[in-house]
Asks: 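My questions will all concern the structure given below.
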Amino acid sequence: MDELMIINEINRLKIEKRALILAHNYQIPEIQDIADYVGDSLGLSRKASETDANIIVFCGVHFMAESAKILSPNKKVILPVADAGCPMADMIDAEQLRSFKEEHNYASVVCYVNSSAEVKAESDVCVTSSNALKIIKSLESKKILFVPDQNLGNYVSKRIPEKEIIPWDGFCITHHRVRHNEIDMVRKHRGETKILVHPECNPSVVDKADFVGSTSEIIGYVKKSNDKEFIIGTEMGILHTLRKQNPHKKFYLLSPSLVCYNMKKTSLEDVYRALRDEEKEINVNKEVMVKAHRALKRMLDLS
Ligand code: 13P
Ligand code: SF4
């Protein structure tokens, strides 16, 4: 089948099976273009919790589809490529989190959504990069264990000095490898052009940026700005939406290392097969599901 036939089949099956296609901002352009909704982790979680579709085809990575299943337990949630994972989410498991809590006298646990259902189940509340500041500010506890991203943890800690935030030492292998001298180089050559980065970048990069935000916050910043050029410090998939929404603005990637290979695994054929065969369904253990739901639901209520 050629690309057009695949797209037609996806659209036909989507209506026939009352399916919803969700795609993260880092997906390849062809996937973003056939999705019913493209967004950041928070937006996608919201859509998953609100939909009345029978099937959710989640074009992203495993933890996102798992969160969709937890928020929509009666729906069939399919991840088109079973091994599209997030290396950061694998940097802590439930056992390690239990020891971390014990070591710190059972302080409150805030968990970045880039984590497994089992880790969410051991946490008090989840956050995404767009609501972490707001949610952590609103918590009563003064001492907080933040898992798994050390960079988002450090970012929040600097902005909320009244809290003692103890981050786990996980990181995003894509954002963490951007070097601060790449910012220096870009500043030298592009002068005043604004540099917008994701808080998953390491502190030496975040500290030198003009704006720090989640993927949707970066998209929102560009939309409002009168500038004509921007340097983008997050995964390259976001360039598609930015260029589509702002045809008269120019975008440059801060670093060639900003590619998440897991986010690039899903193709149109995979989405077609997912809708046709309804395989690769996401399932979560019932007990884990109940506890993880509490942490995710609390996030949605607080954001
Ligand atoms: P957001 O889209 O929430 O900014 O998350 C980025 C990310 O790394 C998702 O894996
Ligand atoms: Fe995980 Fe980083 Fe890829 Fe996001 S960009 S899915 S945090 S590895």
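Remember, it's a predicted structure, so these values are computed and weren't measured experimentally. Both counts, for ligands and for their atoms, begin at 1 and track the order of listing.
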Asks: If you count the atoms of ligand 1 from 1 in the order shown, which ones are under 4.0 Å from a heavy atom of Asp40?
Replies: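 Once the distances to Asp40 are compared, the set is 1 (P), 2 (O), 3 (O).
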Asks: Is ligand 2 under 4.0 Å from a heavy atom in the side chain of Glu200, in the backbone, in both, or in neither?
Replies: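 Answer for Glu200: side chain.
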Asks: What atoms of ligand 1 come closer than 4.0 angstrom to any heavy atom of His198?
Replies: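 Atoms satisfying the 4.0 Å criterion: 1 (P), 4 (O), 5 (O), 6 (C).
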Asks: Taking the non-hydrogen atoms of Tyr261, is any one of them nearer than 4.0 angstrom to ligand 2?
Replies: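 Tyr261: no contact with ligand 2 (<4.0 Å).
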Asks: Do the side-chain N and O atoms of Tyr112 and Glu200 include a donor-acceptor pair separated by under 3.5 angstrom?
Replies: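 Glu200 and Tyr112 do have a side-chain donor-acceptor pair below 3.5 Å.
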Asks: Do any heavy atoms of Asn114 fall under 4.0 Å from ligand 2?
Replies: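 Heavy atoms of Asn114 do come under 4.0 Å of ligand 2.
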Asks: Using distance alone, decide if ligand 1 has a nitrogen or oxygen within less than 3.5 Å of any nitrogen or oxygen in Thr128.
Replies: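 No; every N/O pair is 3.5 Å or more apart.
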Asks: Mind checking whether His24 and Ser41 have side chains closer than 4.5 Å, heavy atoms only?
Replies: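 A side-chain contact exists here, since the closest heavy-atom pair is under 4.5 Å.
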Asks: Under a 4.5 Å cut-off applied to non-hydrogen side-chain atoms, are Val109 and Glu122 in contact?
Replies: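 They are not in side-chain contact.
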Asks: Using 0.5 Å steps for rounding, measure from the CD1 atom of Ile28 to the NZ atom of Lys264.
Replies: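 One finds 8.0 Å between CD1 of Ile28 and NZ of Lys264.
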Asks: Using the rule that Ile, Leu, Val, Met, Phe, Trp and Tyr join whenever any side-chain heavy atoms are under 4.5 Å apart, tell me whether Ile70 and Val77 fall into a single cluster.
Replies: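 Linked, Ile70 and Val77 end up in one cluster.
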Asks: Is the gap between the ring centers of Trp168 and Phe146 under 6.0 Å?
Replies: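 No, the ring centres sit 6.0 Å or more apart.
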Asks: Please list, in number order, the atoms of ligand 1 under 4.0 Å from a heavy atom of Phe63.
Replies: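 This gives 10 (O) as the contact atoms.
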Asks: Hey, does Asn154 have a side-chain heavy atom less than 4.5 Å from the side chain of Val156?
Replies: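 They are not in side-chain contact.
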Asks: Under the 3.5 angstrom rule, does the side chain of Asn25 hit a backbone N or O of Ile238 as a donor-acceptor pair?
Replies: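 Not a single qualifying donor-acceptor pair exists.
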Asks: State if Met88 counts as touching ligand 1 under the rule of any non-hydrogen atom under 4.0 Å.
Replies: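 Contact check Met88 vs ligand 1: negative.
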Asks: Counting only heavy atoms, which portion of Asn114 has something under 4.0 Å from ligand 1: side chain, backbone, both, or neither?
Replies: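 The answer is the side chain of Asn114.
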Asks: Quick test: of every protein heavy atom, which one is nearest to atom 2 (Fe) of ligand 2, and how far off is it to 0.1 Å?
Replies: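 That would be Cys172 SG, 2.3 Å.
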Asks: Which of the atoms of ligand 1 are close to Glu200, meaning less than 4.0 Å from one of its heavy atoms?
Replies: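 Here the atoms of ligand 1 in question are 6 (C), 7 (C), 8 (O).
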Asks: How far is atom 8 (S) of ligand 2 from the closest protein heavy atom, and which atom is that?
Replies: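 Atom 8 (S) of ligand 2 sits closest to the protein heavy atom Pro87 CD, 3.6 Å.
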Asks: Please list the nearest protein heavy atom to atom 1 (Fe) of ligand 2 with its residue and the distance rounded to 0.1 Å.
Replies: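 Nearest protein contact, heavy atoms only, for atom 1 (Fe) of ligand 2 is Cys86 SG, 2.4 Å.
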Asks: Among all protein heavy atoms, pick the one closest to atom 5 (O) of ligand 1 and tell me residue, atom and distance.
Replies: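 Result: Ser41 OG, 3.4 Å.
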Asks: For ligand 1, is Ser129 a contact, meaning one of its heavy atoms is under 4.0 Å away?
Replies: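 Yes, Ser129 has heavy atoms under 4.0 Å from ligand 1.
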Asks: For His240 and Asp33, which I'm curious about, is there any donor-acceptor pair between the side chains at under 3.5 Å?
Replies: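 The answer is yes; a qualifying pair exists.
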Asks: How are the rings of Phe230 and Tyr221 set to each other: parallel, tilted or perpendicular (split at 30° and 60°)?
Replies: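 Perpendicular.
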Asks: Counting heavy atoms only, which of Glu235, Met64, His175, Glu217 comes nearest to atom 9 (C) of ligand 1?
Replies: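 Considering heavy atoms of Glu235, Met64, His175, Glu217, the nearest to atom 9 (C) of ligand 1 sits in Met64.
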Asks: Would you mind running through ligand 2 and noting each atom that sits below 4.0 Å from a heavy atom of Tyr26?
Replies: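 With Tyr26 as reference, the close atoms of ligand 2 come out as 5 (S).
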Asks: At less than 2.8 Å, would any N/O/S atom of Cys260, backbone or side chain, sit next to atom 3 (Fe) of ligand 2?
Replies: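 Of the N, O and S atoms in Cys260, at least one lies under 2.8 Å from atom 3 (Fe) of ligand 2, which means yes.
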Asks: Regarding Asn151 and His175, is there a side-chain donor-to-acceptor distance under 3.5 Å anywhere?
Replies: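 Side-chain D/A pair, Asn151 to His175: absent.
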Asks: Which atoms of ligand 1 have any heavy atom of Ser214 under 4.0 Å away?
Replies: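 Counting atoms of ligand 1 from 1, those under 4.0 Å from Ser214 are 4 (O).
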Asks: Has Met88 got any heavy atom lying under 4.0 angstrom from an atom of ligand 2?
Replies: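 Yes, that is the case, since the closest heavy atom of the residue is under 4.0 Å from the ligand.
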Asks: Does a side-chain heavy-atom distance below 4.5 Å link Val38 with Cys59?
Replies: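 Contact flag for Val38/Cys59 side chains = no.
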